[in-house]
Amino acid sequence: MLESLRTDPTFHPSPRLAMEAEPERIAYTALLSPDASRPDALAVVDVDPASPTYGTVLHRVDMPNKGDEFHHFGWNACSSALSPMSGHAFLKRRYLVVPGLRSSRVYILDTHPDPVRPTIARVIEPEEVTRKTGYSRPHTVHCGPEGLYISTVGGGGTDGMDGPPGVFLMDCKSFEVMGKWEIDRGPQKLHYDFWWNLPRDYMVSSEWALPPQIENGIVAEDLLANRYGHRLHFWELSARRHVQTIDLGENHQMALEVRPAHDPAREYGFVGVCIDTTNLEASIWTWWREGGQFHAKKTAVVSPEPADPAVLPPLLKGFGAVPPLISDIDLSLDDRFLYVACWGTGELRQYDVTDPMSPKLAGSVRIGGIAKHTPHPNGSAFGGGPQMTEISRDGKRVYFTNSLYSKWDAQFYPDGVPGRQVMCNVGANGGIELDNKFCVDFGAEYGAHQIRLQGGDCSTDSFCYSSA
């Protein structure tokens, strides 16, 4: 009884205190079946360098259904439960909430009593999600002070086109679907990622595309006509009300991951833009609040790289170049380093964002890539490029996988993207280097997507108190 009343030791009031916690020993990685011939799965990976099984899969949980397309997943509870407004002070970081982006099904996996061998505790079928929310295609999971928030990229109907997508709430203990979050959505019609500053009471969301523009691969005609998402939306969190839109310019297609500063005293954050249709560049934008209004500015660009059309997939042959295709960004807990995954060119970039308005390139590694196919330092092949990125709490390790979305993988990497997970070590003053000993091979039958670290990581937890 007393144990249930203790605050979870993996919850931390501030980012600095989280950085001082013990390092992760296992990672959970979402695996997807590229051709839906087998169920998707969750892999448990040994990330303890002192372990004799370091860099191997300790266990795999296969799902009971096919065609889920695992993408992003999260914990049932995190450091946001320490909010002074929280009604759930004694939650535990116990369950992984794993949505199927294609199926709209949501799995609840219990990591207790053995975190190495999670079990399926509950399956929430797509009919329940749509009936209670009007949404489909769940994408991003964030644990908030009062429950679970899940963003979607589809509305109702079989094709996900019946109404706009949005965010729905789920009870973090019973996992009952409560309903849609928005009371006043304003002009928001597309959705993708979202995150917040809890004490400052605002949320920011971004835009990807509608289901028909995603599920059968990228629609080149829509991309060149600038019909993918290119706006940021800002919300009053407690009122569940849209307050402002910033259009980054219609040529800045696919404004994807949003990463607010972890320290809630800092009112800024970053968003990655996948591609500029005028020049194939990718870019990083800094957004901030000043004088009660939000602003955004392009603060870094990554240029395309010339390539022989003979080595390019049909989608890119006419351009004679490889676009960087920023597909993920992640921010270290000290708000110092921003990691930028360039899935097209096969580069993971590290920027020093101590000055958020002037990111400085501090490190880079190359692996995979549409044209270069750079192998891992251990000599093994690496399909795809750096994709979903996760940073250890202490900022010393950066893990990443290589699959974006099964149909998009096939378009840009027609030779296939066998699932891989690798890790970079981070220098004390910046710089990154791939770890020769850590290269997890999930096999050609799986793609590898999001990673979650035991005890929390840099894209999981929201903090309510400033670092001292």
Side-chain angles (χ1 to χ4, degrees), residues 1-28 44 47-48 73-98 108-119 121-122 140-150 169-176 178 195-203 237-238 260-266 331-335 390-397 451-468:
M1 178 66 178
L2 289 177
E3 180 67 24
S4 68
L5 296 179
R6 292 175 183 160
T7 301
D8 189 316
T10 72
F11 297 169
H12 304 282
S14 71
R16 181 182 63 80
L17 293 174
M19 292 182 72
E20 297 172 0
E22 66 176 31
E24 67 284 355
R25 293 186 174 87
I26 58 175
Y28 301 97
V44 184
V47 296
D48 181 359
F73 66 106
W75 291 101
N76 69 304
C78 60
S79 298
S80 65
L82 300 181
S83 167
M85 304 302 291
S86 173
H88 298 288
F90 304 108
L91 283 171
K92 299 294 181 183
R93 189 194 305 269
R94 174 173 174 170
Y95 297 94
L96 288 165
V97 180
V98 188
I108 310 299
L109 277 76
D110 191 350
T111 66
H112 286 194
D114 183 358
V116 173
R117 302 184 69 84
T119 57
R122 182 172 175 183
T140 299
V141 177
H142 275 307
C143 32
E146 74 280 42
L148 280 162
Y149 290 61
I150 302 180
L169 276 171
M170 181 184 289
D171 187 280
C172 53
K173 290 184 178 179
S174 69
F175 302 107
E176 290 297 316
M178 308 302 290
W195 216 352
W196 45 48
N197 183 318
L198 291 173
R200 303 288 190 173
D201 195 33
Y202 67 77
M203 185 175 91
L237 192 54
S238 59
H262 293 287
D263 190 326
R266 298 167 175 162
L331 182 63
S332 60
L333 282 187
D334 57 5
D335 296 327
E390 198 47 77
I391 312 164
S392 63
R393 292 179 296 281
D394 59 15
K396 295 179 180 180
R397 294 164 299 285
I451 303 163
R452 286 278 168 246
L453 303 182
Q454 182 185 30
D457 46 56
C458 291
S459 65
T460 298
D461 285 44
S462 304
F463 300 95
C464 301
Y465 305 91
S466 181
S467 296

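Numbering of residues begins at 1 and proceeds along the displayed sequence.
- In this structure, R117 places its CZ atom where only 12 or fewer heavy-atom neighbours from other residues, nucleotides or ligands lie under 6.0 Å away.
- In this structure, V97 and I150 have side chains that are in contact, with non-hydrogen atoms separated by less than 4.5 Å.
- A perpendicular orientation is assigned to the rings of W75 and Y28, their planes being inclined by more than 60° (bins at 30° and 60°).
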Set out, in order, the CA-CA distance, both residues' side-chain angles and the distance that settles side-chain contact (heavy atoms from CB on, under 4.5 Å) for L331 and C458, then state yes or no.
CA-CA 7 Å; L331 182 63; C458 291; over 6 Å; no

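- Side chains of D263 and S466: a donor on one and an acceptor on the other come within 3.5 Å.
- Remark: R25 engages E22 in a salt bridge, criterion side-chain N to carboxylate O under 4.0 Å.
- In this structure, the side chains of L148 and V141 come closer than 4.5 Å at one or more pairs of heavy atoms.
- One finds a salt bridge joining R452 and D457 here, because a Lys/Arg side-chain nitrogen approaches an Asp/Glu carboxylate oxygen to under 4.0 Å.
- Panel note: side chain D461, backbone S79; a donor-acceptor pair is recorded below 3.5 Å.
- Looking only at side-chain heavy atoms (C-beta outward), L237 and Y202 stay at 4.5 Å or farther from each other.
- The shortest side-chain heavy-atom distance between D335 and P15 does not fall under the 4.5 Å cut-off.
- Counting only distance, with no hydrogens or angles, the side chain of N76 and the backbone of K92 share a donor-acceptor pair below 3.5 Å.
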Assess whether side-chain contact (heavy atoms from CB on, under 4.5 Å) is satisfied between W195 and M203, documenting all intermediate values.
CA-CA 6 Å; W195 216 352; M203 185 175 91; over 6 Å; no

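- Of the possible polar contacts, none joining the H12 side chain to the F463 backbone as a donor-acceptor pair under 3.5 Å is found.
- You'll find the side chain of P84 reaches within 4.5 Å of the side chain of Y465, heavy atoms only.
- Using a 4.5 Å heavy-atom threshold, the side chains of S459 and E390 count as touching.
- Atom OG of residue S238 and atom CD of residue E146 lie 10.0 Å apart, to the nearest 0.5 angstrom.
- The pair D110-R94 meets the salt-bridge criterion, with a side-chain N (NZ, NE, NH1 or NH2) lying under 4.0 Å from an Asp/Glu carboxylate O.
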Take E24 and R397 through the test salt bridge (Lys or Arg N to Asp or Glu O under 4.0 Å) and record every step on the way to the result.
CA-CA 10 Å; E24 67 284 355; R397 294 164 299 285; 2.7 Å; yes

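- A donor and an acceptor atom, one from each side chain of R93 and T10, are located under 3.5 Å apart.
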